[in-house]
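Everything quoted here is computed from the prediction, not taken from an experiment. Each ligand, and each atom within it, is numbered from 1 in the order the structure gives. Numbers here are sequence positions counted from 1. These values consider heavy atoms only, across backbone and side chains, with no hydrogens, waters or symmetry-generated copies.
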Amino acid sequence: MNKTAKGRFITVEGGEGAGKSSNLAFIQSLIETAGKQVLFTREPGGTPLGEAIRELLLGHKHTGMADDTELLLMFAARAEHLQQKILPALERGIWVLCDRFTDASFAYQGAGRGLSLEKIAKLQQFVQGNLRPDLTLLFDVPVDTGLQRAGKRSEPDRFESENRDFFEKVRAGYLQIATQEPDRVQVIDASPALEIVQDQIKTVVQHYLESQGE
Ligand code: Z5A
């Protein structure tokens, strides 16, 4: 829980092709309609250094990157992102909407790559202290649906080139986090048509806004 900051920290997560990108502007507009200033950002990335790290992580130049290197680069980008962008915004009362955050490290590097969850939790504490998202929307679709949707896009990046088994583990990892933290992590069934997905998003976001007295 983000107790030190004045703004709220909202993250959006999901497996391959789940439909995060298709709904981020909609989520932002719901929060702005409640009169909040929103900073939209993403991980890995969000700062010039973070975006440079993103290129290293997603591009195909370092295909054989060690799993530990991948994890550390995610957290290096995150440290920069927090210090330069997220924390200053929250301190100013701005609501931060972030496309992926540390749940993705637990799901992709932990569940997907098989790295120790304890090791990731230590990095989380080192880089973030006690800062955690206030609300996380987890877009969930069966892996085959997600891959079919994502397959219609352009050339796959280094993560999108992983196999089906990897994405099954990532999905299970995300759902495990949702089971462990049901208040913070709200699962959106991203399988149906966009309007039905957006009805669910509206319910979750408006309920959260009301719970904050907004
Ligand atoms: N990563 C990591 O490993 N560890 C970390 O700590 C962090 C990240 C922070 C970059 O993420 C990669 O970084 C990511 C995990 C890793 N790798 N993967 N995979 P990203 O978020 O930038 O990239 P992405 O996962 O590929 O997300 P995306 O590009 O934003 O796609 P999406 O959100 O999954 O889906 P979309 O683009 O909104 O939709 C895909 C297609 O489906 C598109 O044609 C839509 O029109 C269609 N769509 C969407 N919704 C629907 C519905 N409801 N019905 C039918 N069709 C739909």
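- Near A104, meaning under 4.0 Å from one of its heavy atoms, ligand 1 places the atoms 4 (N), 5 (C), 6 (O), 7 (C), 8 (C), 9 (C).
- At least one heavy atom of P192 sits closer than 4.0 Å to an atom of ligand 1.
- Between Y108 and F166, the two ring planes are tilted [angle within 30° to 60°].
- Counting only N and O atoms by type, the side chains of Q109 and D67 include no donor and acceptor under 3.5 Å apart.
- Aromatic ring centres of F101 and F9 lie closer together than 6.0 Å.
- For ligand 1, the atoms lying closer than 4.0 Å to a non-hydrogen atom of G15 are 34 (O).
- A salt bridge between R158 and E70 is present, with a side-chain N of the basic residue lying under 4.0 Å from a carboxylate O of the acidic one.
- Each of the atoms 53 (N) of ligand 1 lies under 4.0 Å from some heavy atom of L194.
- Cluster membership check: L97 shares its hydrophobic cluster with L30, using side-chain heavy-atom separations under 4.5 Å among Ile, Leu, Val, Met, Phe, Trp and Tyr.
- Near E43, meaning under 4.0 Å from one of its heavy atoms, ligand 1 places the atoms 9 (C).
- Contact analysis puts R78 in contact with ligand 1, with a non-hydrogen atom separation below 4.0 angstrom.
- Of the heavy atoms in E70, none comes closer than 4.0 Å to ligand 1.
- Between R54 and ligand 1, a contact under 3.5 Å exists for at least one N or O pair.
- Under the side chain to side chain donor-acceptor pair (under 3.5 Å) rule, H81 has a single partner from E43, E51, R42, which is E43.
- With distances taken over non-hydrogen atoms, the option nearest atom 6 (O) of ligand 1 out of S105, S161, P156, G17 is S105.
- For G112, the heavy-atom gap to ligand 1 stays at 4.0 angstrom or more.
- Considering backbone and side-chain N/O of G19, one or more are found under 3.5 Å from N/O of ligand 1.
- Contact annotation: for A107 versus ligand 1, there are no heavy atoms closer than 4.0 Å.
- At most 12 heavy atoms of other shown residues, nucleotides or ligands fall within 6.0 angstrom of atom CZ in R92.
- Looking at E16, E162, M74, R42, it is M74 that brings a heavy atom closest to atom 1 (N) of ligand 1.
- Both the sub-6.0 Å distance and the 45° axial angle are not jointly satisfied by R171 relative to the ring of Y174.
- A salt bridge links R164 with E168: at least one charged nitrogen is closer than 4.0 Å to a carboxylate oxygen.
- Applying the 4.0 Å criterion to heavy atoms of R100 picks out, from ligand 1, the atoms 8 (C), 9 (C), 11 (O), 14 (C), 15 (C), 20 (P), 21 (O), 24 (P), 25 (O).
- Counting non-hydrogen atoms of neighbouring residues, nucleotides and ligands closer than 6.0 angstrom, the CD atom of E32 exceeds 12 such neighbours.
- With ligand atoms numbered from 1 in the order given, ligand 1 contributes 7 (C), 8 (C), 9 (C), 13 (O) to contacts under 4.0 Å with heavy atoms of P44.
- Q125 meets the side-chain contact (heavy atoms from CB on, under 4.5 Å) test with N130, R132; sequence neighbours excluded.
- On a distance-only criterion, Q109 and ligand 1 share at least one N/O pair closer than 3.5 Å.
- Polar contact check, F159 against ligand 1: no nitrogen or oxygen pair lies under 3.5 Å apart.
- Using a non-hydrogen distance threshold of 4.0 Å, G14 does not register as a contact of ligand 1.
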